[in-house]
Amino acid sequence: MISLLDALMERLDRFAERSARTMAKTNGRRSFLAKTGALVVGGGLLPLLPFDRTFGQAHAATPVTDGDAVSCEYWRYCALDGNLCSACGGSLTQCPPGSEASKVSWVGTCRNPNDNKDYLVSYNDCCGKPICDNSPFCLKSVGERPGYRMGLHNDINWCMANASKGYHCTVALLVGLAE
Amino acid sequence: MISLLDALMERLDRFAERSARTMAKTNGRRSFLAKTGALVVGGGLLPLLPFDRTFGQAHAATPVTDGDAVSCEYWRYCALDGNLCSACGGSLTQCPPGSEASKVSWVGTCRNPNDNKDYLVSYNDCCGKPICDNSPFCLKSVGERPGYRMGLHNDINWCMANASKGYHCTVALLVGLAE
Amino acid sequence: MVQLDKLALCAVLAVVAAPAMAQQADFKPETLTVKETIDPGPNVLVYQQEWKGAGSIAVFGKDDLAFKGLMASGSMGQMLVSPDGKTAYSQSTFMKRITYGDIEHVVQVYDVAKLTPVKEVSLPAKAAMTLGYQPMFQASADGKFLYVQNGTPAASVTVVDVAKGSVTAEIPTPGCWGIYPSAAGAYKFSTICGTGIFQTYAVTADGAPAGKTDSARIFDVNSDPIFISGVRVGGDLLFASFNGTLYRLSDAEAAVKTVETIKITDGVDGKWAPGGYAMMGYAEKAGVLFVAMHPDAGNGSHKNPAEEIWAYDLKAKKILSRSAVEHVASFAISADEAPVLFGLTEDPKMIRYTSDPKAGFALTKTGEAKVTGFPFVAQVTP
Amino acid sequence: MVQLDKLALCAVLAVVAAPAMAQQADFKPETLTVKETIDPGPNVLVYQQEWKGAGSIAVFGKDDLAFKGLMASGSMGQMLVSPDGKTAYSQSTFMKRITYGDIEHVVQVYDVAKLTPVKEVSLPAKAAMTLGYQPMFQASADGKFLYVQNGTPAASVTVVDVAKGSVTAEIPTPGCWGIYPSAAGAYKFSTICGTGIFQTYAVTADGAPAGKTDSARIFDVNSDPIFISGVRVGGDLLFASFNGTLYRLSDAEAAVKTVETIKITDGVDGKWAPGGYAMMGYAEKAGVLFVAMHPDAGNGSHKNPAEEIWAYDLKAKKILSRSAVEHVASFAISADEAPVLFGLTEDPKMIRYTSDPKAGFALTKTGEAKVTGFPFVAQVTP
């Protein structure tokens, strides 16, 4: 795992450094922006990060039998900072209709009180609509870290890599067992 | 007074009708919009309506000795629907720094409990900033009327005739005695 | 903790990491999707107006108030919903710097099932930026044209051809306010004027203005002003005055005509009067009018939220029931034989009331949901 | 009533009507003006962050919390204030449809006295859209350059030349977060990295990147993670860890170095720890550090608002006082010998506390004001 991570981070670093050198060679700020903007969205970073494209096709929402998915106290929400998609027309694993799933996410490690196992939970934001303040706003920060550990950070808009950057709400997917 | 009013209203009507005829002669929607937009802002309606240009130069804020100008219960606010400029960096007669005074306004008739006289109060909006929800939101509707009597209507954004149309807060000027 | 954090970072960076994690144990990672359409069934749509940002149309299940999601709109907007509930429209304001700078007035057309905007139409930047009132944003009976109330403060109406996605006309309506499209027949809309008359503006099949007709004086603007929130009763229009007079009007002919006037508060103590924003709803099947009422009415009380909602029999001309309600400022009702009423309060929240036909359509609270912003317009869909 | 209404309409239509009214009686109509500048005196500026509309910078009088007005900003923004309090900056997001569509990241420069934006600088649309944190938006000590934290999620820093109103560089800072400009000397800034080191990036006088220097490992990211909200103590930087360790660092040389570490909770019962967003303030004249503390600390409690604010003597290394406060999530302090502390709560509101040097700088609540949105950043000005 560590070598994988290192490889990905190195590629990220190389990408960012290449962008900087490209900039130094261009004449105007605008041409620089246009060029690196296209790189980021089109060819550089995003193909590494898309949760929604990785795991495949649509399926029915996960039925919730192990707690109250519209309460901030639900176990999966142990590091969730945001409004609940499950109470905003989506579910634990579905963005509400008409929103966009974030291409990147932060991850929490939450203990399921039903089996006493620790799960890795991916908190993806759903994007491109007003913040869903019809649904509960939750703030839990178990294992949360500042932005120097970006993948564990929950104070930032994770719609940052999407075309539509308005924050709508947050889902909580189980993506791994933390053994 | 009535003949003056009639004259003004007639001019308003003629202006609106002329715009409509102009439109019928143009080819595309865009050219129509450009033309009538310019008319409205530049030559037609606004010179009739600017309170701020009418009464002249800046002066100190009216000191308030007859009540609490930051309370919704203050007598001048009898038909005010909005946030108080007097609690938002302005005063009863001053828009807060950096905002624009509305060019048009609605008018209420409020009784001053100190002299038992009825005053005409012009409720101008201040414009071009976010709604000032740091200050109290008040809703009083003495003498208020629906939009078919526009000059008495308080459910509309009176920044409508300004360049910057964001509603910030509302002032309450005494502009006449209602004898 | 070191190992966990590394795993977490891998998960974020995805693609290669995910299969690796799946191997860890007998665990299947969940998949992230976007729900394609809202759950089926009748809805209540509420316009959640904002004055310094994005307003929205909130969709709730009619039966259980389950929140189905929202559609994004702009500032100081209005909402309109097609009779079949499948299409929604908003008209709102966008500025370059949200509260200042270059302004756009835009109509957005939404696919309600998908909660998605499917079309935009740019308008002349003259639309009335008012609190939510249905007569500010209307459609022709067949849905071909949208009518947008302008106020600069000069009043006019922008006509939009929805299919073409373009503006066909701006019709000056000086001194008049509110848009009441004809329920049938040729394209036209009526409007309430400050002289107490109604004017009716004909519109051609191409959306062009085709002349106007004045009514006789309908109401006294000084002694008995009417609210602009009217309802359809049969083919007629019905308005209430600040004093509790109902004006039943026919717009079937070229000019609006009075059918009858009814005083609903006669014989009732306590100075009750209608009040609020959308303060009336007519249940066609039952022939019953619901009206939001407040006591101790006087100059300036006409926006007081309801303390009671009255069920009024328009044929028998009598009050069937008076139900105490929580400060309802606007409401919408369903088309059922036992109408369901959705009240909007200034807290703000939405309260669901069922009515009992056997008890004079008395209301019972059966639900409550959070709404946001300034919610003054709601519509129930099939 | 007829006459009154006519008068009212005249007043609205103005120009000719106004003198006519003035003749009516011994009455002088009041004049509408725009106040030119805010009342003089020291202020507290608060960034009122919004996520679906226009955020703003609110200005309060330092002494009485009198609300002096606000400056308009965009969504998900940050605030920065010049040391003299005369100029404010915001960095925020504007989208074509407020929450979707074409995006602009913009720096706005304000004249605080006039509460007016005087300049805009367009940024690469990469700025970190985070809750309010001062290290997300910083300036060089002389104010020539602004530094904007980017996160796409790749981290970088955009350098803005304020006078030129243009971007001079985007400096990649992979894996690092927060901007800590040098307090003196050549242009450079340090940043905290996920490996527990700091990196220091040099910037030329033209705002171009000029190389970076790694520090030795400063803290253990797993066992003792630090908050990004640091403060200046003398020429040094001071950070707190989730566990209550203070890291005093020097950024005077090319690489950041540890000066000392101090554990402020040693010998205190109740598992107290620092928590919140801007959870520290250093009163230079008094040599006292204020820290927002909560009890029963554990995994995930690091954003808990304060139940006490501790005054800590950095020289003597002892707690001078512990003051109970209302759930303060962020605070700012004045430069006075008896510092005034402005706490921001999640209600949200701002609470003013004075400190008493004779009582170990214990705090007393002396005022309260309403704030809006998500207010996590405040600054006191001279």
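Computed over heavy atoms, backbone and side chain alike; hydrogens, waters and symmetry mates excluded. Since the structure is predicted, the reported quantities are computational estimates derived from the model, not experimental observations. Throughout, a chain's letter reflects where its sequence line sits, starting with A, and its residues are numbered from 1.
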Let me know if His153(B) has heavy atoms under 4.5 Å from chain C in its side chain, its backbone, both or neither. side chain

Would you name the heavy atoms of Ser164(B) and Gly101(C) that are closest together and state the gap between them? OG-N, 3.9 Å

Parallel, tilted or perpendicular for Phe374(C) and Phe137(B), by the 30°/60° rule? tilted

Which heavy atom in Thr152(C) sits nearest to a heavy atom in Met160(B), and how many Å separate them? C-SD, 3.8 Å

Assess the residue pair Trp177(C) and Met150(B) against the criterion (side-chain contact (heavy atoms from CB on, under 4.5 Å)); give the C-alpha distance rounded to whole Å, side-chain angles, the decisive distance to 0.1 Å, and a yes or no. CA-CA 8 Å; Trp177(C) 202 244; Met150(B) 185 55 78; 3.3 Å; yes

Report which part of Ile192(C) has an atom under 4.5 Å of a heavy atom belonging to chain B: side chain, backbone, both, or neither. both

Most chain C-contacting option - heavy-atom pairs closer than 4.5 Å, from Ser141(B), Pro146(B), Ala163(B): Ser141(B)

Just wondering, more than 12 heavy atoms not from Lys119(C) lying within 6.0 Å of its NZ? yes

Where on Glu50(C) is there a heavy atom nearer than 4.5 Å to chain B: the side chain, the backbone, both, or neither? neither

For Val221(C) and Arg145(B), run side-chain contact (heavy atoms from CB on, under 4.5 Å): C-alpha distance rounded to whole Å, both residues' side-chain angles, the deciding distance at 0.1 Å, then the answer. CA-CA 9 Å; Val221(C) 289; Arg145(B) 292 293 180 268; over 6 Å; no

Roughly how far, to the nearest 0.5 Å, is CE of Met76(C) from NZ of Lys165(B)? 9.0 Å

Would you say that Lys303(C) contacts Glu144(B) through its side chain, given a criterion of any heavy-atom pair below 4.5 Å between the two side chains? yes

Rounded at 0.5 Å granularity, tell me how far CH2 in Trp51(C) sits from SG in Cys159(B). 8.5 Å

What pair of heavy atoms forms the shortest contact from Gly166(B) to Met95(C), and how long is it? N-CE, 3.7 Å

Output, in order, the C-alpha distance, side-chain angles, deciding distance and verdict of side-chain contact (heavy atoms from CB on, under 4.5 Å) for Asp81(B) and Leu131(C). CA-CA 11 Å; Asp81(B) 181 4; Leu131(C) 290 181; 4.1 Å; yes

Asp133(B) vs Lys52(C), side-chain contact (heavy atoms from CB on, under 4.5 Å): CA-CA, chis, key distance, verdict: CA-CA 10 Å; Asp133(B) 37 22; Lys52(C) 64 173 178 182; 3.3 Å; yes

What verdict does the ring pair (Phe, Tyr, Trp, His ring centres under 6.0 Å) test give for Tyr148(B) and Phe219(C), after you've listed the backbone C-alpha separation in whole Å, the side-chain angles of each residue and the deciding distance to 0.1 Å? CA-CA 12 Å; Tyr148(B) 54 75; Phe219(C) 67 103; 5.5 Å; yes

By a 4.5 Å heavy-atom criterion (distance strictly below it), what part of Ile226(C) contacts chain B: side chain, backbone, both, or neither? both

Heavy-atom pair count under 4.5 Å with chain C, highest-scoring of Ile156(B), Asp155(B), Asn157(B), Leu139(B): Asp155(B)

